[in-house]
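Here the structure comes first, spelled out in structure tokens, and everything after it is commentary.
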Amino acid sequence: MSTKRHYEREFVRTFFTTPTAVEGESDSAKMLRSAAQVRGIQAPDAWVPDNEDATAPTMRAEGVENIIDVVAEHGSDYPSEIHPRVVWHRESPSTRYQGFQQMLEIANPENGAVDHIDGFVIPEVGDIDDWKKADEFVTIIENEHGLQEGSLSMSVIVESGEAELAMGDLREEMGKPSNNLERLFLLVDGEVDYTKDMRAMTPTGELPPWPELRHNTSRGASAAGLIAVDGPYDDIRDVEGYNDRMTENQAKGMLGIWSLTPGQVVEANKAPLPPKTGSWLLELADQTIELEHVDGQHVYDGDEIGLEQTGEDQYILSVGGDERELDEDELNEELLDLTAYVPSMDDIVDSMEEFEAAKEAGKGAIAMTQAATIVIDGVTVELSNDRMWDEATYQAAQTPVALFQDVYQHRPDQHEELEEMYGSDVVQRATNVGA
Amino acid sequence: MSTKRHYEREFVRTFFTTPTAVEGESDSAKMLRSAAQVRGIQAPDAWVPDNEDATAPTMRAEGVENIIDVVAEHGSDYPSEIHPRVVWHRESPSTRYQGFQQMLEIANPENGAVDHIDGFVIPEVGDIDDWKKADEFVTIIENEHGLQEGSLSMSVIVESGEAELAMGDLREEMGKPSNNLERLFLLVDGEVDYTKDMRAMTPTGELPPWPELRHNTSRGASAAGLIAVDGPYDDIRDVEGYNDRMTENQAKGMLGIWSLTPGQVVEANKAPLPPKTGSWLLELADQTIELEHVDGQHVYDGDEIGLEQTGEDQYILSVGGDERELDEDELNEELLDLTAYVPSMDDIVDSMEEFEAAKEAGKGAIAMTQAATIVIDGVTVELSNDRMWDEATYQAAQTPVALFQDVYQHRPDQHEELEEMYGSDVVQRATNVGA
Amino acid sequence: MSTKRHYEREFVRTFFTTPTAVEGESDSAKMLRSAAQVRGIQAPDAWVPDNEDATAPTMRAEGVENIIDVVAEHGSDYPSEIHPRVVWHRESPSTRYQGFQQMLEIANPENGAVDHIDGFVIPEVGDIDDWKKADEFVTIIENEHGLQEGSLSMSVIVESGEAELAMGDLREEMGKPSNNLERLFLLVDGEVDYTKDMRAMTPTGELPPWPELRHNTSRGASAAGLIAVDGPYDDIRDVEGYNDRMTENQAKGMLGIWSLTPGQVVEANKAPLPPKTGSWLLELADQTIELEHVDGQHVYDGDEIGLEQTGEDQYILSVGGDERELDEDELNEELLDLTAYVPSMDDIVDSMEEFEAAKEAGKGAIAMTQAATIVIDGVTVELSNDRMWDEATYQAAQTPVALFQDVYQHRPDQHEELEEMYGSDVVQRATNVGA
């Protein structure tokens, strides 16, 4: 039996939280109302009206009403999924009961919102038995309100050691007849509370990186057919840091991330999509430098490496104070070791199409050539690199394209921006490749 | 049900081992006797008379007698906990039986030591069933000697792959009626034997860093209400390395560490406590530099970055060969990205008090401002940074303060040194905040 | 009960795959036939005729016949183990059935190959129940063909999140009477398909490093008495990168690696063996530099650190722009912090012999001295470092020697090359130490 994903969306790039009720405003639902009307690249894949940490405890009753009002009014036009977060705590039965009551009310069909609610987000879960308690409440709610069993999804915030361990049991537990854990959708890391629960600390108070937690969340999601989402990135001014974090996460198979601001939503919606144009990187021991693209050539004029042509087939390449005399072939070899290519969407689709054609013709593996003109210190070198593609390479390369296709299928409100980004020809080919 | 810690100490900073019997001395218990009389910052949170690896096999019978003698005489005045380590091995029934006999003798009330013994340390444990064998022996010993069931704690050294895996099952196993695993106290990594068990090797013979083991130990402790302690740091001359290791561990939630020498005990008792004075860091790509504190200003005169004022609102900032012209606001922004503040104990208590007052007044989140005068290449810049604090930030910041309070409550012998370190005003406020 | 290894080989350095049938050749078994006749340092510890990914789907029936032909002819003279890889997939019953049929045919004694087949490699396994399906097929095959139960080993490729999780259950599952999982031999990571399964991606398309997967594989192997092997290193021209990867793996206890080419086999057969001659390293913040060995002295003439003698007992040492005036003792101390020694095979055997003699004489711990003449900027310094060795240090140091002895015992075809590498005196002493 295969690991099935039970939801429409195969990928979730963005998880955006909005306070449900803000005190002191003439309309406490103002932020919610505004977030409900965003479209396109600024709208997240999962919108989370947040009736937990983002909303003051005294405002949460009003928050429930606001969620109902706003989702009833704007939900049918909302371009992606809506997953309110309610209160929950593995160590507090009263908080759990409040969470149940909030969900019961929000999901009441008489209130007119539930048709546009895709599921609920449960924070502060503990071990797997605690996840089952939340699942059972949702089952009861579906039953009480005459909703189809399993129609409401459940996403959890992993912010305790117990919950991290529970992700190792999910695959096994999800099959059991006594629960409906198949409703699980997102596994979201919550590093602030996780840090508290683990009693970790750093000199400056910034969050530890928790690479193992992120790996375990991604693996748990992979093994159980769910989607892994990283927690909030606090330093909202630091766009570069946010993107670096996403690149790290992508290498772990964690393709989604929490967004705290509309600006972060835009960054995170774009981050896992391949770039419009390819680029060459110079990969040195202590840094990676992108070569400048000028008139079809890739130029480096910095001080980190130097190149001089000293004869017809003679070059001197200096890297970090180390000078070497090389002929053209050796130079090519050396530069291939020092450089890497970041393929564009167009490149990826090209390679996939080429491999598909080769497979059709009965070949199991073909060489893909990547050629470029590199200019270092004014010296021009024609680089050419062959990489073998077989079925496994092909399928691994497919992840960004599958993500693109999932976005294209489920987010018509982003079509225009995607076409602006890539051109309609590339969009169309990317939509069809690998089908 | 909450994850309860079953012990008085919520934190253990230091785990200090002493050989129980040294051959060739007129008094084989000399080291033990001397270690039993240490007080204050030189005394560890957990003192471990070590009747295993630190003591020659032929001396271990004498070691048991020495433990009894020394603890019976000095135990009542010892300022913290005493946890003898006995022999044990997951693969040797005869070693396990020896460990049982050692514990049976040490815990015999007629010998007069057991009143001052807090528990035993079991090395070389295997999978969870092996932990249960040790637990069962302690239960039998308690019963035979008329001690209260569960009154002796058990700490384990994790030095095998099996034991690492067992930590994932602890939370579940601890609840079962057929064992008394609730007596568990410390999870201590033992990297030397772990390296052997994993058959790992490094070119220079130094220990591998084992980040995943430390994560899993910290997580296991968090999920089961126990305390995580890192293993020995061999290079006892390398104080900076020892402190770097502790900073790394703290970011993993592993706040305790083994100490091999009194000097290491002092370092490790201090390491998790916030500093007396705050400091500013320059965080560059490849290094972190602490600015020098001179007359209330934070000064940098090195070559890594440069700053020049070229007009009234015009600056040139150079970082790693990259020069940028900036106005004052842009400069401020840029420097905030490049710097970080390490708060003092005083700062942390201030922020917590401020947040508590805000919460009292009904606010869920407030901005904390960190301001400083930074001087780079003689150019003075007033930096000011706001950070949002909400309940989660507050609770995460509490870890070092909770540790301080635990130390203050249980280690009166360190009061004087803590007051010397922080001043009595800060000590008093830190003792009361967050209660 | 101890964690037993059920196989002759305690270590596997190299896992070399060969396509079983290549289309368009006059002899489709040509590569197989050639690989079967390699000897010595070019022959892997585990040779894997690969009837899965390396062979086109349409050629796999012919591949089975080729395996049988070539192994029947050359198997009796092959110097190490032979483990064909068949097809398998956790999500495809038809692929699993094909895998069964392939194994049934290869293992048929009438075909004359099975006497030289040590086991099978099963790719794409899922959770532990999936491993049991493959194990059950092998049991049935053994029974049908009148082979001894358990005589065929089973190795798996870990290339899914489920399989990674399954490694945590192995130790427990292997004891159960309803399976024969004791036949397990190698746990091999397959990072290409794992990356696809985890839906991970990197900008350049290169594989993520997956440190946690490698840790978990090594730990799983350690806990269950198996051998951990890393997956293929794609960039076959990058010998330095391949060696760096192996050094990383060794620090994780993963001593084997996949080899894609005969050149990689040679590198990987040598990598875990200690070097012929020791060397001194300069360990700086951002790089490690090996000192040049000239006439018994270790010389550094680079720019990273500088040394000047300014008086009889006065030196100026400059490290990264930081100058310090030191006397000879301080200089010694400082240089010991900056340097590390990579011991040769000879050094390791010396130290072990010395410790064995000390233990014989009743000592539990002795100091091993490492002395050297270091020359920096023409200034000569006599360095001397003591390191305490106890039983644990001794046993940890034994890993490379145990590996050497395992190689020496099982690979007579490599004796000549080992003696060329180390000299016959060192080989003989290394063969006998620690027995």
Side-chain angles (χ1 to χ4, degrees), chain A residues 1-3 10-11 167-172 211-212 214-216 218-224 227-228 247 249-255 272 274-275 279 281 283 285-286 320-321 333 336-337 340-343 348 351 362-365 387-388 390-393 395-400 402-403, chain C residues 19 22-23 53-59 89-93 126-130 159-166 168-169 190-213 215-216 232 234-238 240-241 260 286-287 302-304:
Chain A
M1 224 168 16
S2 76
T3 304
E10 295 261 329
F11 296 89
M167 293 189 295
D169 299 324
L170 268 188
R171 185 177 160 83
E172 202 176 313
E212 295 91 358
R214 287 181 283 153
H215 174 75
N216 293 338
S218 182
R219 181 186 63 181
S222 175
I227 295 174
T247 303
N249 287 344
Q250 286 156 18
K252 291 171 167 291
M254 179 177 254
L255 304 184
S279 55
L281 306 178
E283 297 190 318
D286 51 350
E333 193 79 357
L336 283 176
D337 279 357
Y341 183 66
V342 178
I348 295 173
S351 299
K363 282 190 223 161
R387 193 182 164 200
M388 288 307 297
D390 62 11
E391 185 65 29
T393 333
Q395 290 194 17
Q398 231 172 336
T399 298
L403 181 140
Chain C
V22 181
E23 206 166 9
D53 277 1
T55 300
T58 53
M59 297 300 287
H89 204 289
R90 59 194 176 282
E91 299 185 356
S92 162
D127 44 30
I128 194 72
D129 282 350
D130 187 60
E159 41 197 336
S160 65
E162 296 93 289
E164 186 187 351
L165 286 166
D169 298 325
E191 280 96 349
V192 175
D193 278 356
Y194 181 81
T195 298
K196 177 191 73 178
D197 186 69
M198 293 282 280
R199 309 197 306 178
M201 56 198 202
T202 60
T204 59
E206 72 186 336
L207 290 173
W210 299 119
E212 296 90 358
L213 169 66
H215 175 76
N216 293 338
D234 267 357
D235 190 349
I236 56 178
R237 298 167 321 146
D238 182 8
E240 197 185 330
L260 292 168
D286 52 348
Q287 58 180 318
D303 299 331
E304 300 296 331

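Reckoned from all heavy atoms, side chains included, excluding hydrogens, waters and symmetry mates. Chain letters run A, B, ... following the sequence lines, proteins first, then strands; residues in each count from 1.
When all heavy atoms of D193(C) and A392(A) are compared, the closest pair comes out as OD1-CB, 3.4 Å. In this structure, R237(C) and L336(A) approach most closely via the heavy-atom pair NH1-CD1, 3.6 Å. The two residues A200(C) and A251(A) come nearest to each other via the heavy atoms CB-O, 3.7 Å. Taking all atoms of both residues into account, the shortest heavy-atom contact from T399(A) to R199(C) is CG2-O, 3.4 Å. Minimum heavy-atom separation, M198(C) to S218(A): CE-OG, 3.5 Å. Closest approach of A223(A) to E162(C), counting heavy atoms only: CA-OE1, 3.8 Å.
At a threshold of 4.5 Å between non-hydrogen side-chain atoms, the residues E212(C) and R219(A) do not count as touching. Using a 4.5 Å heavy-atom threshold, the side chains of E283(A) and E206(C) count as touching.
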Could you walk me through whether E164(C) and H215(A) pass the side-chain contact (heavy atoms from CB on, under 4.5 Å) test, one step at a time?
CA-CA 12 Å; E164(C) 186 187 351; H215(A) 174 75; 2.9 Å; yes
Take I128(C) and E172(A), measure what side-chain contact (heavy atoms from CB on, under 4.5 Å) needs, and give me the verdict at the end.
CA-CA 11 Å; I128(C) 194 72; E172(A) 202 176 313; over 6 Å; no
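With a 4.5 Å cut-off on non-hydrogen atoms, P275(A) does not touch chain C at all. Proximity to chain C (any heavy atom under 4.5 Å) is shown, for P274(A), by neither the backbone nor the side chain. Contacts between T202(C) and chain A at a heavy-atom distance below 4.5 Å involve the side chain alone, from C-beta outward. Proximity to chain C is absent for every atom of A397(A), based on heavy atoms less than 4.5 angstrom apart. Only the side chain of L281(A) comes within contact range of chain C, with heavy atoms under 4.5 Å apart. Using a 4.5 Å cut-off between heavy atoms, E391(A) does not touch chain C at all. For N216(C), the part lying near chain A is the side chain, with the backbone staying farther off; criterion is any non-hydrogen pair under 4.5 Å.
Considering only residues two or more places apart in sequence or on other chains, D53(C) meets the side chain to side chain donor-acceptor pair (under 3.5 Å) condition with none of them.
Per-residue counts of heavy-atom pairs under 4.5 Å with chain C were compared for G253(A), G220(A), P272(A); the largest is that of G253(A). Counting heavy-atom pairs closer than 4.5 Å to chain A, the top residue among V192(C), D127(C), D130(C), D238(C) is D127(C). The candidate with the highest count of non-hydrogen atom pairs below 4.5 Å against chain C, out of L255(A), D390(A), V342(A), L403(A), is V342(A). Each of A340(A), A228(A), A402(A), P400(A) has some count of heavy-atom pairs under 4.5 Å with chain C, and the biggest count is that of P400(A).
Heavy-atom contacts from other residues, nucleotides or ligands closer than 6.0 Å to CD of Q287(C) number more than 12.
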